Q: 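Below are the structure tokens for one structure; questions will follow.
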Amino acid sequence: MSPEPPDVARRGQWLRGLLDICVLALLASGESYGYELTQALECAGLGQVQGGTLYPVLLRLERAGLIEAAWRAGETGPARKYYRLTAAGRHELGAGGAAWLAFAERVGGILREGGVE
Amino acid sequence: MIRTWTMAEMTLRDLIRRRTVVGLLFLLPLVFYLARRDDHTGQAVKFLLLGLGFTSSAAGLFATSAARSLEPRLRLGGYRTIDLYVGRLIALIAVGLAIAVPYLAVVLADQDVQRMPALALALALTVLVAAPLGMLLGSALARDMEGVLLLLAVTSAQFLTDPAKISGRVMPFWSAREIATYAVDLTDIGYLRRGVTHALVCAAILFVATAAIAAVRLRRRRHVRIVSSSAPV
Amino acid sequence: MTDQEWLVRMALELRRRAVAESRINQTVGEAVAHARDSGQTTERAFGLPEAYAAQVASSLMAHVARARPRIGEVRLAARGIGKRYRRRWVIRDVDLVVRAGQTAAVVGANGTGKSTFLAICAGFLTPDAGQVTLHGAVGFCPQDGGTLDYLRPAEHFALLGAGRGTPRAEARRTGRDLAATLQWNADSDDQARHLSGGTRQKLNLVLAALGDPEILLLDEPYQGFDQGTYLDFWDQVWQWRDRGKAVVVVTHLLENLDRVDTVLDLTPRVSEAEA
């Protein structure tokens, strides 16, 4: 396999730090399951997120009490594990999300100073 | 009892796997014996006994210093100090006797010894004195080398001193020579009695000294207070 | 490999890492559901089964600061500890209190008396001042040494286990399970002298924890550990903490300090050094 182009590798690094908060945001609008979440991330332009990356994040969020999970038969077909936000998760989304946006704004400022449009 | 026996077993396992020490244990007495074999029987036997005493002490020395860093943890793990050194002593005596038996056979086959049981007793008592001697050196001295040097010094002194003089009687293996004389040279029973007494006294003194050093080194220190589980602190 | 093979290998690795059976079933079910939804093979979606299982296992063990274990009674109370060497005080007036469910790190540059302090707490060394109160059994792990060169790991377990009257088979089983958490197969017939430095330290660590003592005193036990084992070691420390033990680790590596409850810095203060 050829080495990943630098922007993909860098994007992968960013995503590793932000995947948990993105998942919380995606669940804010309602419950979802693993594959649906990967589809949503791809639609949002974040590229393909593999199951091997997503599920450990879901597990950590669940252990931290920010999301809760239940096995249910979905509207279409067999049983899946559905995740939804808890109150603590909603709170964390607000705080962590705001912190990230502020941080990103500051980084943007540095980049604009450096002549990046 | 289980602790003592487990300690004895593990000391034995550790010792048996040390090929150099085991080789030494088996061959050194033979070397000593062969050195004087063509001499008068008494000399050959005395040298054999001294060789056996030296190597059994060396085994005791190595066994003691090898376990030094483990012993405090064994104490924490529930062992009493007495379990540790009695267990080791049992293992060392077992090894020493295991070596003595074939040597008894060698001497019987090779030499003409009238008082066989006395010879067997001499071998056994040599081991009985050598084991705690080695343990004492191992526990009193911080480094193996110092212990070996001291052991060499004691053994050489044993060779060089005249058994008839006081200086000779102070030596730990003096008893071996006395009983060997009784066994080979057909002297009176006084030799046997003196030899046995000396051996038992030496063994006792060495054992008590080893026990005392161990008790001090592994003592429950006074600055530590152990509180039972239910008491509030 | 087929999905079936992938799932079997993944489940086996989870079991090897002592993950609960119910959790293993969930993980397998989730992987099956995801493969079905996405139309991908499990290998494509999740990567190597063992690596995915390792990720799952470590996510399970990653404890969030929020989920605090119950802090219990005082297990170790060292007060006013001082030790002199010739005429200089190596440590002076040192206090440390560790409760059940807490961890403490003893830090300081080399020569500041960290190992001395721990040995005093364990009762191996007499201090020139101070008292130590222990509330429970103690397990101690030295920086090196502490094993019998010509004995095998299982024999070490049996020897130490006998101290509390633990039957040999049980001691060996406990030792083996503890060793597995450090990714070490302790069933080998290798004598201690044949083990690498890092592996011998794993043996030391297992011996310290073998009798399930309430207090663990660990003196930089990670000598020779590779990065993975070093992380495993700290994961084990948190697990011991969560099971209600009091764990004290002497260390000069500072990364995990934000996760311990107490940091005892033995670096002498300037005024004392001049005294």
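Hydrogens, waters and symmetry mates are skipped; everything else that's a heavy atom, side chains included, is used. Because the structure is predicted, anything quoted here is derived from the model rather than measured. Letters A, B, ... mirror the listed sequences (proteins, then strands); counts begin at 1.
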Q: Of all residues at least two apart in sequence or in a different chain, which pass the salt bridge (charged side-chain N to carboxylate O under 4.0 Å, His left out) check with C:R173?
A: none
Q: When heavy-atom pairs shorter than 4.5 Å are enumerated against chain A, which of C:R44, C:H34, C:R36, C:Q26 gives the highest number?
A: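 Ranked by heavy-atom pairs under 4.5 Å with chain A, first place is C:H34.
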Q: Could you tell me whether a side-chain N or O of A:R60 sits under 3.5 Å from a main-chain N or O of C:S59, the two making a donor and an acceptor?
A: no
Q: Applying ring-ring contact (aromatic ring centres under 6.0 Å, His included), can you list everything that pairs with C:F157, at least two apart in sequence or on another chain?
A: none
Q: Heavy atoms under 4.5 Å from chain C: which residues of residues 35-45 of chain A carry them?
A: A:Y35, A:T38
Q: How about CZ on A:R84, more than 12 heavy atoms from neighbouring residues, nucleotides or ligands closer than 6.0 Å, or not?
A: no
Q: Rounded to the nearest 0.5 Å, what separation is found between the CD atom of C:E30 and the CG atom of A:L59?
A: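 Result: 8.0 Å between the selected atoms.
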Q: C:A51, C:S38, C:A33: which one forms the most heavy-atom pairs within less than 4.5 Å of chain A?
A: C:S38
Q: Could you grab the distance from atom CG of C:L60 to atom CD of A:E62, nearest 0.5 Å is fine?
A: 9.0 Å
Q: Please enumerate all residues that pass salt bridge (charged side-chain N to carboxylate O under 4.0 Å, His left out) together with A:E113, with sequence neighbours excluded.
A: none
Q: Take atom CD of C:Q4 as the centre, draw a 6.0 Å sphere, and report whether it contains more than 12 heavy atoms from other residues, nucleotides or ligands.
A: no
Q: Mind checking whether C:F46 and A:Y55 have ring centres under 6.0 Å apart?
A: yes
Q: Mark yes when over 12 heavy atoms from residues, nucleotides or ligands other than C:R200 sit less than 6.0 Å from its CZ; otherwise mark no.
A: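 Atom CZ in C:R200 is crowded, with more than 12 foreign heavy atoms closer than 6.0 Å.
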